[in-house]
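Within every chain, numbering begins at 1; the chains are lettered A, B, ... in the order of the sequence lines, protein sequences first and strands thereafter. Note that the structure is a prediction, hence the values are computed from the model and not measured.
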Amino acid sequence: GDSVTQMEGPVTLSEEAFLTINCTYTATGYPSLFWYVQYPGEGLQLLLKATKADDKGSNKGFEATYRKETTSFHLEKGSVQVSDSAVYFCAPSARGKLSFGAGTTVTVRA
Amino acid sequence: GAVVSQHPSWVICKSGTSVKIECRSLDFQATTMFWYRQFPKQSLMLMATSNEGSKATYEQGVEKDKFLINHASLTLSTLTVTSAHPEDSSFYICSARDRGTGDYYEQYFGPGTRLTVT
């Protein structure tokens, strides 16, 4: 079955630091790839997505590139802010279903 | 746009009773809704896929008689936890997809319902 391996947290960073969260997946065919974010006390929100190989999804300063050859979709942000503190989920979608990674808790300190 | 609500946001019930959780798409029609369960500090586990006007499709290991799902309209799906037990205590999250069946259509998530069974 489909599976997602996501970098374990928690991750604690200082403001303006560089953030990378690794994500690799196994899936049948060519899934669409998503990153969801869950801010404290809120529901999951779509952060960005990529639907085919070499696509780059971007939003709020975050980026991730669909790498078919390495089956990866690593999330990056060059300069994090305190407001980026949240739980981040990598989620490939295949056959209409999302498979979630374990989630990575990110805490950004001022 | 694309807002999904859940009601209630939290509920406490006694062991042996049943509890119903509602999931509504507020500004779009959802032919497909999903129900997830999230344990503390863990990922979301898909429980079932709910299609409007048809029976839900349950994931392996999820008891369909325990977790009754009804998707009676294009904007409402309900999850009923029957004869709840303390081990059913969890955070239940629904999501909705507003059109199509392709993988590139995103799901919109509700805020979740915290169920505590005493």
Problem - In one Ile/Leu/Val/Met/Phe/Trp/Tyr side-chain cluster, 4.5 Å: A/Phe89, B/Leu46 - result: yes
Problem - Contact check, side chains of A/Leu46 and B/Phe109, non-hydrogen atoms, under 4.5 Å - result: no
Problem - A/Glu8 CD: over 12 foreign heavy atoms closer than 6.0 Å - result: no
Exercise for the section: Can you see which heavy atom on B/Ser43 is nearest to which on A/Ala102, and at what distance? Expected result: CB-CA, 3.7 Å
Exercise for the section: To the nearest 0.5 angstrom, please state how far the NZ atom of A/Lys97 sits from the OG1 atom of B/Thr49. Expected result: 5.0 Å
Handout entry: Single-linkage hydrophobic cluster A/Tyr30~A/Tyr25, side-chain heavy atoms < 4.5 angstrom
Key = yes
Handout entry: Min side-chain heavy-atom separation A/Leu98-B/Leu44 under 4.5 Å
Key = no
Practice task
Examine A/Val106 and A/Tyr39 and state if one hydrophobic cluster contains both, with Ile, Leu, Val, Met, Phe, Trp and Tyr joined whenever side-chain heavy atoms are less than 4.5 Å apart.
Solution key: yes
Exercise for the section: Find out whether B/Met45 and A/Phe100 are in side-chain contact, i.e. whether some heavy atom of one side chain is under 4.5 Å from a heavy atom of the other. Expected result: no
Exercise for the section: Establish whether A/Val80 and A/Val11 are linked, either directly or via other cluster members, by ILVMFWY side-chain heavy-atom contacts under 4.5 Å. Expected result: yes
Problem - Segment of A/Gln38 engaging chain B (4.5 angstrom heavy-atom cut-off) - result: side chain
Practice task
Is it possible for you to say whether A/Leu13 and A/Tyr88 belong to one hydrophobic cluster, with membership spreading through side-chain heavy-atom contacts below 4.5 Å?
Solution key: yes
Handout entry: chain A contact via B/Gln38 - side chain, backbone, both or neither, heavy atoms under 4.5 Å
Key = side chain
